[in-house]
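Every chain is numbered from 1 and lettered A, B, ... according to where its sequence line falls, protein lines coming before strand lines.
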Amino acid sequence: MRLAAALLGTLLATPAWADCALDLGRGTGWVVFSEHYLMAFRPDPLRIEVGEPFALILNVCTRNGGAAELLAVDANMPEHRHGMNYRATIVAKGDGRFRAEGFLFHMPGRWEITFDVRAGDDSERLTHDIILK
Amino acid sequence: MRLLLLLVWLLAVGAVGVRAQQLLDWSSDEIRAVGQHGPWPPPPVRDPSNKVSGTPAGIALGEHLFNEPRLSGDGRMSCAKCHQAGREWSDGLAKARGAVELDRRTPSLWNVGYLHWFGWDGAGDSLWAQSIRPLLDPREMNGGPTRAGEFLRSDLAFACGYERAFGSKPGTDDERLLVDTAKALAAFQATLVSPRAPFDDFRDALVSGDRESAARYPLAAQRGLKLFIGEANCNLCHLGPRFTSGEFGDIGIPFFVRPGEVDSGRLGGLGRLAANPFNLLGKYNDDATGNNARRTRHVQRQHANFGEFRVPGLRQVGRSGPYMHNGSLATLEDVIRHYSEVSPDRLHSDGIPLVRPLGLSAEQSADLVAFLRSLDAEPLARPSPAPLCP
Ligand SMILES: [Cu+2]
């Protein structure tokens, strides 16, 4: 529940990634990357509360600075073998920017968020863990 | 013998020692977890989908409607028949009795205004939409779609109460008047907030570091609470100040209601939600922002919803049995035994492995019951409502 602290200062764009817009506006967010992709996201509102709906604001890029597509975002609790009771929908804002609405974490513990991203024919699943207390 | 030992022990440790002994060690993680079950009471409900929510005139009209049998088809059944103030806003029965016996227990209305899903299966996404169902259901009040409108137009006191709450005289649109009846009913029900209980005093003392006050909380309840937030993991679902996530779970209660017929729980509830013209996606939602419809818009119906029922809050729980959606467990002790011994085979195949036999000892079970009973308090007697339009 107290995520604001964990969120602070995790956004450190290096010169090599300068073309990709990783600043989500408030100097806060998580950065996730793989060999080919780079993305930044943050919840809206910033603090995720158990049982309260929230959205994710996301920027998705390829490692060489191009915009990429966000195909799907979902979340699950691996230890409990269940997902969310809700399905998020994605709105593309252009230039690799997205808003995914409709998240709700109904339990404290470890949630794994999965992001399916694509550029051209090449798609990939990125993941990020959030621990809700 | 036990008493004698206790006496010897009391003499040995002395009065000051006894005080110090009465507070278990609480780690900072545990204190944080306990703190999340408060503070109590929460701020009053304001439901943006209901324009009379939180308004004195809406609440007053709602209380009178709640006690009004003329809303029912035969003029004999009011909401208060099953939701009784003296029975924790339920009826003490295993299964609700309307015109016929129903398949589920009457849920308590304590703290109902803070929920987001209503009914055991969550078929309602607002308290007012949920309140329409028993008004119309032939097995319950059987009022029919025009009954509420005819009543509000014909009864002078109620017509006046309606005008005070909604700002205009009851019109000719019966569907609108049915919805408004339910909105007033919801405004009243949302005021039913359970009293502070011994747990709340302990929680506040523990969080503020007042060890002396905290030590007044019985040791058995302290041990039970430690189990509740620890080993037994009860607070994964029974979380927050109301001790519920407000979501749904399958805990291995048999789902056959009679041979060949099952209660599919949340799976059926989500079907009814989508088909309900009074849900929050419809025209009667008073929230212009649409924000309060986010759950309804995004909820997904999944196979795993079969056999899931809403996680009930636990305040006043010791006073409001029988337990489970179908009233199949008579006492709190039975409930703890269920969680202690539940067979994984009884869980639906997609059942979350969160529910597993806890294998509690007799002492642990008694401690959990002692903790749960510390969520009970005697409610203040309710004065009868003031006349609507004196
Ligand atoms: Cu979980």
message: Are there over 12 heavy-atom neighbours, none belonging to D116(A), within less than 6.0 Å of that residue's CG?
response: yes
message: Heavy-atom pairs under 4.5 Å with chain A - which of R301(B), R295(B), R266(B) has more of them than the others?
response: R295(B)
task: Starting at NE2 of H80(A), measure out to CG of N233(B) and round the result to the nearest 0.5 Å.
output: 7.0 Å
query: Which pairs, with at least one residue in residues 41-51 of chain B and sequence neighbours excluded, count as a side-chain hydrogen bond (donor to acceptor under 3.5 Å, both in side chains)?
result: D47(B)-S49(B), S49(B)-W128(B)
- request: Could you tell me whether the side chain of H298(B) reaches within less than 4.5 Å of the side chain of L104(A), counting heavy atoms only?
  value: no
field: Which atoms of D29(B) approach chain A - backbone, side chain, both or neither, heavy atom under 4.5 Å
entry: neither
message: My understanding is that only residues two or more places apart in sequence, or in another chain, count here; which of them pass side-chain hydrogen bond (donor to acceptor under 3.5 Å, both in side chains) with D286(B)?
response: K183(B)
Heavy-atom side-chain contact between M107(A) and S245(B) under 4.5 Å: no
- request: Name the region of R297(B), side chain, backbone, both or neither, that has any atom closer than 4.5 Å to a heavy atom of chain A.
  value: neither
message: Does anything in residues 86-94 of chain A reach chain B? List residues with heavy atoms under 4.5 Å apart, or say none.
response: Y86(A), R87(A), A88(A), T89(A)
- request: Assess the side chains of N85(A) and Q300(B): does a donor N or O sit below 3.5 Å from an acceptor N or O?
  value: no
- line: So CZ of F54(A) and CZ of R294(B): to nearest 0.5 Å the spacing works out to 10.5 Å
Contacts of residues 110-127 of chain B with chain A (heavy atom under 4.5 Å): H116(B), W117(B)
message: To check you understand the geometry: which heavy-atom pair defines the closest contact between P108(A) and N235(B), and what is its length?
response: CG-O, 4.3 Å
